[in-house]
Amino acid sequence: MRLYNTLTRRLEELPPPPGPIRMYVCGPTVYARAHVGNARPFVLGTWLRSWLRRRGYDVTFVHNITDINDKIYKAAPGASADLAERATQWYLEDTDDLGLGRPDHLPRATETVPQIVRFISELVERGFAYDVEGDVYFRVARYPEYGQLSGQRPDRLLDEDEEPNPLKEDPRDFALWKANKPDEDTWWDSPWGRGRPGWHIECSVMAEELLGPVFEIHGGGLDLVFPHHENELAQSRALGHDFARIWTHNGMLRFTGAKMGKSEGNVVTIRDALDRWGREALLLYFMTGHWSKPIDFSDDTMEQAAAQLATFRDALLLDAQADVDESELDTALAEDFNTPDALAILHRWRAAGANAQLRRGLELFGISAALPSAPAGVVELAEEREAARAARDFERADRLRESIGAEGWEVRDVEGGFQLVPR
RNA sequence: GGCGCCGUGGCCGAGAGGUUAGGCAGAGGCCUGCAAAGCCUCGUACAGCGGUUCGAAUCCGCUCGGCGCCUCCA
């Protein structure tokens, strides 16, 4: 199994089964309903887990909930904890409805504060951090490797336009701990006074708490490479921890086509996508693009995914029992988890009539392609149509087919009866 | 300006020096009372310009175009 590693900029071999494979995928900051783009790393993480397990790996999948953040304070003045809790529940509901199961651990920043404080204290003791007026900052100058993940050169990271924070020794330094401000309604006690963790530290700590100081995979959106992941790496390596070996960064979703969303964010929530297209079409959509590349989310691309799903469903209605070499799929996935290639293979199996393997292959990605059964009223119409056909009253039969169509179903005449398919 | 990614047939999208990717949409046909599904047939594409090579969509250079990040966005 090889995966593209942002840190080394090449494909990297995973240890052989059973591993272990310890995987941390950055989860959401909970301040609003998550959008489809947020689903991509989650989907990828659960897919990877199930496939690796099938290959005999011992996998632990950690996915965090960042429930302490500036954005939350800003979005819900005076009620940030409440919003964070609500948005956490939304996220769990939305990702549950993707039907891929839950990560093995869903740590929350608010439940990790003592460990975070300990971690920061150690950084301070070792000179990698300093406190000023209740804030604690990471001393970038003390960590010469800074920039290795994102390819940024430390000396080029100075932004002249930015008003420098006078508390920082160096404008590149970033906050590990922030003193409580009057409009922030949650806080924790610490050696530096009342405050709360900065943005990046919670991930270093939660990952190491659950996976240890060295683990195999760290994932997340490409937009997190800098500064978020760069900073995580710096904090942990500063303490001598290897931290993540392979960094996987998934490409962004591009929202094109019809404008959705409000003022500027033309985004679609996971919920909306689920309601409109169904979870299986959505999952199939995610398969159509390689995880490391951007994909367009549009009516057009979703319709194409839905059409592919229908094709698979139709094929599985047939009683086909051909046999194919199932390892072909594993070969595709073993090479950087190439789902578009995997999808092409599944289509070949479909065309070959290898339904058992096709079903197993789809299930790996959480797609059961099972047909819902038609409501009784629709079944009745179909039975009436059968009777009309038997009586060779085709005009009536065609009218009944139209009525069935109006209910959102399609009748097909098959050997010895009919079949009802939603459309 | 800095770091990086990408441009493949109407659309989506693998591949990566010489061999059919696959799908969606479309056309014709078989089947069907008519359909649907299924099956058969049909597309010789790799942004442009140079170069390397016996041979390039695949390597090199330049140009054009799109995108991400550059302190809180998955």
Side-chain angles (χ1 to χ4, degrees), chain A residues 6 9 25-29 31 34-45 63 66 69-71 74 140 147 149-153 155-162 165 168 171-175 178 198-200 219-231 249-254 265 267 284-285 287-290 292-296 298 300-308 310-315 317-318 320 332 335 338-351 353 389 392-395 397-398 401-402 405 410-414 418-421 423:
Chain A
T6 309
R9 303 198 187 283
V25 175
C26 267
T29 296
Y31 65 99
H35 60 78
V36 220
N38 294 301
R40 180 120 100 144
F42 176 90
V43 167
L44 212 56
H63 190 56
T66 293
N69 190 284
D70 288 1
K71 293 193 153 201
K74 219 168 290 170
V140 170
L149 180 66
S150 59
Q152 304 282 333
R153 289 173 46 190
D155 54 314
R156 289 282 179 76
L157 281 170
L158 308 158
D159 187 349
E160 296 89 31
D161 305 335
E162 189 86 4
N165 178 342
K168 292 182 182 177
R172 299 169 303 176
D173 294 349
F174 54 90
K178 295 181 170 190
W199 180 34
H200 320 292
L222 193 62
D223 54 349
L224 294 182
V225 176
F226 190 89
H228 189 53
H229 287 165
E230 189 73 62
N231 292 353
H249 289 104
N250 60 271
M252 302 289 100
L253 252 66
R254 285 190 302 236
V267 297
L284 213 136
Y285 159 77
M287 286 186 76
T288 62
H290 185 96
S292 65
K293 292 189 177 176
I295 32 172
D296 288 321
S298 65
D300 199 41
T301 54
M302 280 308 299
E303 272 159 24
Q304 290 190 20
Q308 291 199 51
T311 302
F312 283 129
R313 280 185 169 159
D314 287 336
L317 290 172
L318 271 31
E335 188 64 4
N338 192 333
T339 57
D341 197 14
L343 189 55
I345 289 163
L346 293 179
H347 275 293
R348 273 187 240 125
W349 290 359
R350 171 187 59 76
R389 290 183 69 226
R392 302 197 63 79
D393 184 355
F394 295 120
E395 229 174 280
D398 288 348
R401 178 164 54 205
E402 274 173 41
E410 181 179 280
V411 237
R412 294 174 184 170
D413 299 323
V414 294
F418 60 84
Q419 202 164 56
L420 286 162
V421 178
R423 42 155 304 167

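Proteins get letters first, then strands, A, B, ... in listed order; numbering begins at 1 in each.
- Straight-line distance from the CG atom of L224(A) to the P atom of rC70(B): 10 Å, rounded to whole Å.
- If you check every strand for non-hydrogen atoms under 4.0 Å, V411(A) touches a base.
- Within 4.0 Å of K168(A), counting heavy atoms only, lies no atom of the nucleic acid at all.
- When the P atom is used for both rC12(B) and rG50(B), the distance is 28 Å, rounded to whole Å.
- For R412(A), whose side chain is taken as the heavy atoms from C-beta onward, the closest listed nucleotide among rA35(B), rC24(B), rC72(B) is rA35(B).
- Using atom P as the reference point in both rG26(B) and rU63(B), the two lie 42 Å apart (nearest Å).
- Counting distance only, with no hydrogens placed and no angle test, the side-chain atoms of D413(A) and the base atoms of rC34(B) include a donor-acceptor pair under 3.5 Å.
- Contact annotation for G220(A): backbone-only contact, meaning every heavy-atom pair under 4.0 Å involves sugar-phosphate atoms and none involves a base.
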Worksheet entry | Annotated protein contacts, base or backbone, on nucleotides 8-15 of chain B with a non-hydrogen cut-off under 4.0 Å, one of B, S, - each | ---BSSSS
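- Nearest to the side-chain atoms of K71(A) among the listed nucleotides rC72(B), rA74(B), rA21(B) stands rC72(B).
- Atom C1' of rA57(B) sits at a distance of 10 Å from the matching atom of rG15(B), rounded to the whole Å.
- Residues forming a side-chain contact (heavy atoms from CB on, under 4.5 Å) with N231(A) (at least two apart in sequence, or on another chain): Y146(A), F174(A), H200(A), P227(A), Q235(A).
- Note: CG (N250(A)) to P (rC73(B)) measures 16 Å, nearest angstrom.
- Judged by distance alone with a 3.5 Å cut-off, no donor-acceptor contact links the side chain of R40(A) to the base of rA74(B).
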Name every donor-acceptor pair, under 3.5 Å, that has one atom in a side chain of residues 341-351 of chain A and the other anywhere in the protein, sequence neighbours excluded.
unit_1  : atom_1 : unit_2  : atom_2 : d
H347(A) : ND1    : R350(A) : NE     : 3.2
H347(A) : ND1    : R350(A) : NH2    : 3.3
H347(A) : NE2    : Q308(A) : OE1    : 2.6
R348(A) : NH1    : E328(A) : OE2    : 3.0
W349(A) : NE1    : E328(A) : OE1    : 3.4

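- You'll find the side chain of N250(A) stays beyond 4.5 Å of the side chain of L222(A), heavy atoms only.
- Across all strands shown, G219(A) has no heavy atoms under 4.0 Å from either base or sugar-phosphate atoms.
- Counting atom types as modelled, K178(A) pairs a side-chain N or O with a base atom of rC72(B) as donor and acceptor under 3.5 Å.
- For rG10(B) and rG51(B), the P atoms lie 28 Å apart once the distance is rounded to whole Å.
- Judged by distance alone, the side chain of T66(A) and the main-chain N or O of T29(A) form no donor-acceptor pair under 3.5 Å.
- The shortest distance between side-chain heavy atoms of D314(A) and R412(A) falls below 4.5 Å.
- Side-chain proximity of M252(A) to rA21(B), rA74(B), rG23(B): nearest is rA74(B).
- Among residues two or more places apart in sequence or in another chain, the side-chain hydrogen bond (donor to acceptor under 3.5 Å, both in side chains) test is passed with D398(A) by R401(A).
- Rounded to the nearest Å, the gap between the C1' atom of rC31(B) and that of rC24(B) is 24 Å.
- Between the C1' atoms of rU8(B) and rU44(B), the separation comes to 13 Å (whole Å).
- Contact annotation: the side chain of L317(A) never approaches that of V414(A) to less than 4.5 Å [non-hydrogen atoms, C-beta and beyond].
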Worksheet entry | Per-nucleotide pairing state of RNA chain B [Watson-Crick or G-U, under 3.5 Å; [ ] pseudoknot-crossing; | other strand] | (((((((..(((.....[...))).(((((.......)))))....(((((..]....))))))))))))....
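- Atom-to-atom, CD1 of I345(A) to P of rA21(B) comes out at 15 Å; the value is rounded to the nearest Å.
- With distances taken from any side-chain atom of F394(A) to the nucleotides rA25(B), rG33(B), rA74(B), the minimum falls on rG33(B).
- Residues meeting the side-chain hydrogen bond (donor to acceptor under 3.5 Å, both in side chains) test with K168(A), sequence neighbours left out: none.
- Contact annotation: side chain of R9(A) to base of rG4(B), donor-acceptor pair absent below 3.5 Å.
- Under the salt bridge (charged side-chain N to carboxylate O under 4.0 Å, His left out) criterion, E230(A) pairs with no residue at all, not counting sequence neighbours.
- A donor-acceptor contact under 3.5 Å is formed by the side chain of R401(A) with the base of rC34(B).
- For the pair M287(A) CE and rG22(B) C1', the interatomic distance rounds to 12 Å; values are reported in whole Å.
- Not counting sequence neighbours, the partners of T301(A) by the side-chain hydrogen bond (donor to acceptor under 3.5 Å, both in side chains) test are S298(A).
- Straight-line distance between the C1' atoms of rC60(B) and rU53(B): roughly 12 Å, to the nearest whole Å.
- One can place NE2 of H249(A) at 16 Å from P of rC6(B), the figure rounded to the nearest angstrom.
- Rounded to whole Å, atom P of rA25(B) lies 10 Å from atom NE2 of H347(A).
- Residues that satisfy the side-chain contact (heavy atoms from CB on, under 4.5 Å) test with L318(A), not counting sequence neighbours, are absent from this structure.
- Rounded to whole Å, atom C1' of rU20(B) lies 10 Å from atom CZ of R348(A).
- Annotation: the span from L149(A) atom CG to R9(A) atom CZ amounts to 7.5 Å, rounded to 0.5 Å.
- Across the protein-nucleic acid pair, E395(A) atom CD and rA35(B) atom P stand 16 Å apart, rounded to whole Å.
- Side-chain atoms of D398(A) lie closest to rC34(B) of the nucleotides rA74(B), rC72(B), rC34(B).
- In terms of the side-chain hydrogen bond (donor to acceptor under 3.5 Å, both in side chains) criterion, residue partners of T6(A) (sequence neighbours excluded) are, by chain and number, H249(A).
- Every residue two or more places apart in sequence or in another chain that forms a side-chain contact (heavy atoms from CB on, under 4.5 Å) with P294(A) is listed here: R254(A).
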Worksheet entry | Sequence-aligned protein contact record of nucleotides 38-45 of chain B, with B where the base is within under 4.0 Å of a protein heavy atom and S where only the sugar-phosphate is | S-------
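- Where H228(A) and V225(A) meet RNA chain B, the nucleotide closest to each residue was compared, and V225(A) sits on the side nearer the 5' end.
- Only the C1' atoms considered, rA56(B) is 15 Å distant from rG61(B), to the nearest whole Å.
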